[in-house]
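Below is one structure, written out as structure tokens; comments come after it.
These numbers were taken from a predicted model, which means no experiment stands behind them. Sequence lines set the chain letters: A, B, ... in the order given, protein chains first and strands last, and positions in each chain run from 1.
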Amino acid sequence: MDGQDPTYNSNLGSSLYNPMISPLTLSTTDAKYNSYDMNANENKPFNDVNGMIQQIMSIVDQSLDEAQARKHAFNQSRLKPAFFQVLCEIKEKTTINLRNFSEDEPPDSQLMRLDNMLLAEGIAGPERLGGSSSSVANANAAASINDESALEHGDYRAKLSQIRQLYHTELEKYEQACNDFTSHVINLLREQSRARPISPREIDRMVSIIRKKFSSIQLQLKQSTCEAVMILRSRFLDARRKRRNFSKTATEVLNEYFYSHLSNPYPSEEAKEELARKCGISVSQVSNWFGNKRIRYKKNIGKAQEEANLYASKLANQAAQGVCGMRRDSDSPQQGER
DNA sequence: TTTTATGATTGATC
DNA sequence: GATCAATCATAAAA
């Protein structure tokens, strides 16, 4: 539309921009443009184009009433069908590429991944009553069996539900804005279709363009929601973040076993289960404790000797008082350690 | 605030 | 799969 095409220009000159049939009322600006045109008669088409541009530019300065009045005048003009016809002809020549415009695009794999994740985490889709992601449920089952984990699990669910709520609020907002904007554009195009040729297919295409733009905004929302869920999960699943020391009693029970089996501080599976039960911790925690204890004892035997003596005298006292409960157990197959 | 203790994790080895 | 050794992250003590 840069006016370099001679055919196009001749069209403009012959009909559209002929002042005799121009639907737009010529204003004083025409005079101004005519005044600096050295050869007004020969350059009439260009002269008229300038005038038209000037008129279009001046629309922004018009009041709404004025614009409405002009629009009304235009719609009532007997030249309007001719103007419309000319626009149809121009369009016929300039929208060839548009016809071949491919509208079928493959579904966005990134969007699909995000959707799947949001669905899996219970953010998208139907709300799960008392539900959480299976992975978290497994993690919780594997974690400590005390009340604290249940409490933190509840905390996780509360935070997940918070994320879900925020996501849906934002999504609704986007959808509302998208619908509003789409219907606004449709109305605008329908209104404009009275003045220029706009096919329903073109309106549909415009709608799909708008939807694509809005879905890219939604993509960002989905992305940030996924990130929030990942952070929450990593915090919940990373047990190191919420390490708690075992109770004093539990440590004593474990130490008693360790120092009374110092020559072979490797409790059997049954012994581990018994210790776990006594200490109120899981079997894997007992295994961890013994793993840590063995390596730290080995690294610092001198210092650990004091502790060893402490537990030895403790056991001796218990034996003297005849309350040697632990040694009585079948979980102490080793004899004569230390 | 810094240091130490301690429970958990990770990768290698057997 | 159990254990070791190194390491991380946090609780508790100094």
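Rounded to a whole Å, the CD atom of A:Q285 is 9 Å from the C1' atom of B:dA8. Between A:F246 atom CZ and B:dG7 atom P there is a gap of 5 Å when expressed in whole angstrom units. Atoms CZ (A:R296) and C1' (B:dT4) sit 11 Å apart, rounded to a whole Å. One atom, OH of A:Y297, and another, P of B:dA5, lie 17 Å apart when rounded to the nearest Å. Rounded to an integer number of Å, the gap from NZ of A:K293 to C1' of B:dA8 is 16 Å.
Classified by interplanar angle (parallel below 30°, tilted 30° to 60°, perpendicular above 60°), the ring pair A:Y259/A:Y297 is perpendicular.
Within 4.0 Å of A:N288, counting heavy atoms only, lies at least one base atom of the nucleic acid.
If you take CZ on A:F258 and OG1 on A:T251, they are separated by 13.5 Å, rounding to the nearest 0.5 Å.
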Could you go through A:T249 and A:K278, starting from their C-alpha distance and side-chain angles, then the distance that decides it, and tell me whether this counts as side-chain contact (heavy atoms from CB on, under 4.5 Å)?
CA-CA 9 Å; A:T249 333; A:K278 279 182 183 168; over 6 Å; no
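Residues A:N245 and A:E269 each lie close to DNA chain C; by heavy-atom proximity, the contact nearer the 5' end of the strand is made by A:E269.
Legend: ring-ring contact (aromatic ring centres under 6.0 Å, His included) pairs involving residues 269-294 of chain A, not counting sequence neighbours, sorted by first then second residue: A:Y257-A:F290.
Under a 4.0 Å N-O distance rule, the pair A:E202/A:R205 does not qualify as a salt bridge.
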Every protein N/O within reach of nucleotides 3-5 of chain C N/O, cut-off under 3.5 Å:
| unit_1 | atom_1 | unit_2 | atom_2 | d |
| --- | --- | --- | --- | --- |
| C:dT3 | OP2 | A:K272 | NZ | 3.1 |
| C:dC4 | OP1 | A:Y266 | OH | 2.2 |
| C:dC4 | OP2 | A:R294 | NE | 2.5 |
| C:dC4 | OP2 | A:R294 | NH2 | 3.0 |
| C:dA5 | OP1 | A:K298 | NZ | 3.1 |
| C:dA5 | OP2 | A:K298 | NZ | 2.5 |

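OP1 or OP2 of C:dA11 lies within a sub-4.0 Å distance of a side-chain N or O belonging to A:R244.
Without hydrogens or angle criteria, A:Q285 side chain to A:S282 main chain gives a donor-acceptor distance under 3.5 Å.
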